[in-house]
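These notes are about the structure you will find just below.
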There are 2 protein chains.
Amino acid sequence: MDTALDRAVRVFCERGYHATSIGDLTAAMQLATGSVYKAFRDKQAVFLAAFERYATVRRDQTRSAAARGGNGRERLRHMLLSYVEHSQGVEGRRGCIVVGGAVELSALDPEVRARVNAQLETNETFIAGLIREGQADGSIPGHVEVDDTARLMICITQGMRVVGKARLPLDGERLVGVAMKLLA
Amino acid sequence: MDTALDRAVRVFCERGYHATSIGDLTAAMQLATGSVYKAFRDKQAVFLAAFERYATVRRDQTRSAAARGGNGRERLRHMLLSYVEHSQGVEGRRGCIVVGGAVELSALDPEVRARVNAQLETNETFIAGLIREGQADGSIPGHVEVDDTARLMICITQGMRVVGKARLPLDGERLVGVAMKLLA
DNA sequence: GATAATAGGGAATGGTTGTTCCCGAATCAA
DNA sequence: TTGATTCGGGAACAACCATTCCCTATTATC
């Protein structure tokens, strides 16, 4: 089931919600129409399930990228680098289902908007935690405004997905090098 | 005609491309179906015209916001502030047609993708110009990497539109205050 | 003033969409 | 073996979509 859901994630990322037909989903998930409707109430339910699946996978990727750093500052740097990498190339072109949900559905579907908000807030809380860790271990100055910096970094990460989907190239080291000035 | 196009812009911003039907457009533009198809070849042509209209209006707003600053650094600050304001409240909830086009259509429609890219590059060039002005007038240090900083700022502005559409509140002064560290 | 040309309005149309319904195969119980 | 139940598959359906076509005013031309 997770493997079928992973395929649904890919389609929703690439084509968004409205441009994805049930036919696109059955083709990708290798299920017949009836089977999809046996497993999910309707198209929105498939999307929500794909959304949660995507969020879980990306969350693990982001956390394990951050874990590669030896202090708060380095963990933040690895997290940002990971975001740039995922915003680029074939995966960047495919796109992010959270950004897609925010842009395409948050004005139309309160349920999706709630999930998008929850996801953004989870990410922001995680970033804020990393900043605080850095302040505790001395790698980030204590005068850095935690909440404002975290929110700006959320803007940066979401913006990279937009720019990456538009296929503008992003140089990870250079971009993150500049972004780290926010921790000065 | 521009007033009808402005109304089309609002609908496309709010609902995106695929969720906007011809019926939505005729209702908003106060034109009959046949009249829309007399003025435009098809739905994509309406979208492209709305896109260009939006880009022109926003461009003027951004430039005149920047012009309020007395040096390069201040012009950059006013530009970012303007972006935060437009990403918030009722306009933020409505959304940005460039971000919408990038996320919803850049994988499906090469023509839209080209326009999105052109728009992003125009904005990036403008920001890079402001940075150079600041370096020339002494308000921005010469060691600031112009191109990388400009690209990161594009990510910030596009990201703010995503976050604003999801209805997370953005505090202009605080957020821009942090972002200005990128010019240190 | 008569006629041609244009512009706008809206009904008709063919295709596609999301969803439901029903059928056949396979699994399990007795 | 028989009967009941579940499960996947796909045809059928109603609604909606983008687009076309045609009709009616209005304007312009002579």
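Letters go in sequence order (proteins before strands), and every chain restarts at 1.
Remark: B:Lys43 is in phosphate contact with D:dA18, judged by side-chain N or O atoms under 4.0 Å from OP1 or OP2.
Between the CZ atom of B:Phe12 and the C1' atom of D:dA18 there is a distance of 12 Å, rounded to whole Å. The nearest whole Å value for the distance from the CZ atom in B:Phe40 to the C1' atom in C:dG8 is 14 Å. Following rounding to the nearest Å, A:His18 (NE2) and C:dT16 (P) show an atom-to-atom distance of 19 Å. For the pair B:Tyr37 OH and C:dT13 P, the computed distance is 17 Å after rounding to whole Å. Rounded to an integer number of Å, the gap from CD1 of B:Ile22 to C1' of D:dA18 is 6 Å. Rounded to an integer number of Å, the gap from CD of B:Gln30 to P of C:dG8 is 14 Å. Put simply, CG on B:Asp24 is 8 Å from P on D:dA18, counting in whole angstrom units.
Across all strands, B:Thr20 comes closer than 4.0 Å only to sugar-phosphate atoms, never to a base (heavy-atom distances).
Taking every side-chain heavy atom of B:Ser21 into account, D:dC17 is the closest of C:dT20, D:dT19, D:dC17. In the set D:dT19, C:dT20, D:dG9, C:dT20 carries the atom at the smallest distance from any side-chain atom of A:Thr33. Nearest to the side chain of A:Ala32, among D:dT20, C:dT19, D:dG9, sits D:dG9. Among the nucleotides C:dG9, D:dT19, D:dG9, the one closest to the side chain of B:Ser35 is C:dG9. When distances run from any side-chain atom of B:Lys38 to the nucleotides C:dG8, C:dT17, D:dT19, the shortest one goes to C:dG8.
Using a distance-only test at 3.5 Å, with no hydrogens or angles considered, a donor-acceptor pair links the side chain of A:Glu104 to the main chain of A:His18.
The only option from B:Val98, B:Val99, B:Ile97 that meets the side chain to side chain contact (heavy atoms under 4.5 Å, CB included) definition with B:Cys13 turns out to be B:Ile97. When A:Lys43, A:Arg15, A:Arg7 are each tested for a salt bridge (Lys or Arg N to Asp or Glu O under 4.0 Å) with A:Asp24, only one passes: A:Arg15.
A salt bridge is defined here as a Lys NZ or Arg NE, NH1 or NH2 lying under 4.0 Å from an Asp or Glu carboxylate O, and B:Glu133 with B:Arg73 fails to meet this definition. A salt bridge links B:Arg77 to B:Glu74: at least one charged side-chain nitrogen sits closer than 4.0 Å to a carboxylate oxygen.
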